[in-house]
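Each remark here refers to the structure printed beneath this line.
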Amino acid sequence: MIVTRILISLASVFLALGLLAPTLTITPKAGDYTWLIKIFAPEQLDAITYSIVGVIQKLYQMEDLFLAVLLSIFSVVSPIIKLSLYWIATSSNLGKAQIESNLKKINFIGKFSMAEVFALALIIVVIKSFPGGSSAHLEWGAYIFTLSVIFSLVVALRLDSKQS
Amino acid sequence: MISPSDSNTPKLPAWLGALIPLLIILLVAGLFWFLIDKPDDSIDADTNPGISLSGKLKPGQTYYVFASEIEVFPSNLKNESWDRGKNAPDIRYQLLWKGNSIFESITKDDSLIADWSGLSVELNWKDILGKSVSPDDAIKAARIRYEKNERVEIVVEDVDISSDDDIGRYEIEMDSLSVGKNEIKLTKSSTNAIRKITLRLLPMGSNLKDLVNIMK
């Protein structure tokens with residue numbers, strides 16, 4: 001269980017970094033008239049870098065509360081709860097029934113978190129902020145977040161194998 | 001799930017363990033915030049570090065020069081009302097360097113205070129259909145290379161259908177100018193009806209943000 005707990009700790013570290021680190025940079029362009037926009041409204045063409053938390057903040061500022069709350073739950077709260085349940089599952093205080101109940105909860109929570117929601121968050125911010133002519137590329141935070149997902153999957157596999 | 005090594009440690013409620021990942025996340029987030037997430041004070045990639053945007057002019061450097069504002073007295077050189085008392089003058093200015101007219105502004109109708117932007121673009125259908133417009137075309141300013149004791153003359157006129165009337169002309173010593181905004185106040189005389197000239201200078205090769213800040 002020590003190895004599993006180390007993996008959970010690492011997943012937690014990567015999750016924290018993945019949520020706050022730069023994840024996506026968007027560089028707006030205006031085709032042949034890019035230089036013109038640069039002259040009259042240069043701030044419109046500044047490259048903007050978002051973290052996942054930044055995406056949620058942006059949605060909140062855009063008064064899109066529904067999406068802000070949805071993304072908060074699925075990309076922040078849900079992964080944290082999942083890692084917390086993993087930790088409890090590794091506790092020596094639990095009986096077999098409690099462990100099985102815990103794993104059921106984990107499986108349920110896991111359906112809603114991480115990778116898909118992460119992709120959704122990126123797509124939403126691209127579509128909402130800069131339609132047309134802009135380019136977007138992933139930053140190091142995206143890879144750190146992916147590492148968190150991978151470590152979390154490894155923990156789930158280890159717990160499943162222990163259970164069986 | 002119970003390992004032999006765990007049985008020696010004090011037993012804590014299992015739910016307390018749920019806080020450990022949360023604490024790790026908060027700790028790392030706090031550290032990240034403290035160490036990395038600081039305001040970006042790096043130099044703008046578009047900034048040209050070799051160009052000064054304040055202070056005196058540098059000999060050998062070429063500058064964009066234009067009048068962002070010209071104010072004229074309420075009466076003309078003959079102390080009469082402008083345009084026979086009907087309207088304020090239609091103001092236009094020219095910049096002369098080394099005896100040559102190097103820039104002429106557009107005319108600002110019926111103004112005692114006329115203002116111009118150093119940047120403007122007139123787009124028409126041809127532009128939309130693919131004609132290219134360069135940034136240089138958008139800069140409405142004279143290009144003057146500064147040397148010691150360099151002078152530039154500004155000639156201000158009241159544009160009329162029949163004939164243009166002089167409002168005044170003034171020779172500016174470039175040694176007295178600095179990069180950015182320069183105000184020159186003048187007194188009324190039989191040869192001058194200009195009250196104030198606001199001249200703006202920007203080194204050529206400045207980045208677009210500086211161009212916008214000083215020229216628009």
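Below, chains carry the letters A, B, ... as their sequence lines are ordered, and counting in each starts from 1. Keep in mind that the numbers below use all heavy atoms, side chains included, and drop hydrogens, waters and symmetry copies. It should be emphasised that the depicted structure is a prediction, and the values quoted were computed from it without experimental measurement.
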Next item on the list: Heavy-atom pairs under 4.5 Å with chain B are the metric here; pick the option from A:Thr4, A:Leu17, A:Leu85 that has the most.
Entry: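 Among A:Thr4, A:Leu17, A:Leu85, the one with the most close pairs to chain B is A:Leu17.
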Item checked: Option that, when pairs with chain B are counted at under 4.5 Å, heavy atom only, ranks first among A:Ser9, A:Ala16, A:Ser12, A:Pro22 ->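 Highest number of heavy-atom pairs under 4.5 Å: A:Ser12.
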Check: At a heavy-atom separation under 4.5 Å, does A:Ala21 approach chain B through its side chain, its backbone, both, or neither?
Finding: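 It is both, since atoms from each part get that close.
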Check: Taking B:Ile25, B:Leu22, B:Leu19, B:Leu23 one by one, which has the highest count of heavy-atom pairs under 4.5 Å against chain A?
Finding: B:Ile25
Check: Between CG of A:Leu20 and CG of B:Leu31, what distance do you get to the nearest 0.5 Å?
Finding: 11.0 Å
Check: Is it the case that more than 12 heavy atoms not belonging to B:Glu183 sit under 6.0 Å from its CD atom?
Finding: yes
Note to self: Is it true that, when you exclude B:Arg195 itself, more than 12 heavy atoms of the residues, nucleotides or ligands shown sit nearer than 6.0 Å to its CZ?
What the structure shows: yes
Item checked: Any residue meeting side-chain contact (heavy atoms from CB on, under 4.5 Å) with B:Ile20, in chain and number order, not counting sequence neighbours -> A:Trp87, B:Ile24
Next item on the list: Apply side-chain contact (heavy atoms from CB on, under 4.5 Å) to A:Leu10 and list each qualifying residue two or more places apart in sequence or on a separate chain.
Entry: A:Ile6, A:Phe14, A:Phe151
Next item on the list: For residues B:Pro21 and A:Ile8, determine if any side-chain heavy atom of one lies less than 4.5 Å from a side-chain heavy atom of the other.
Entry: yes
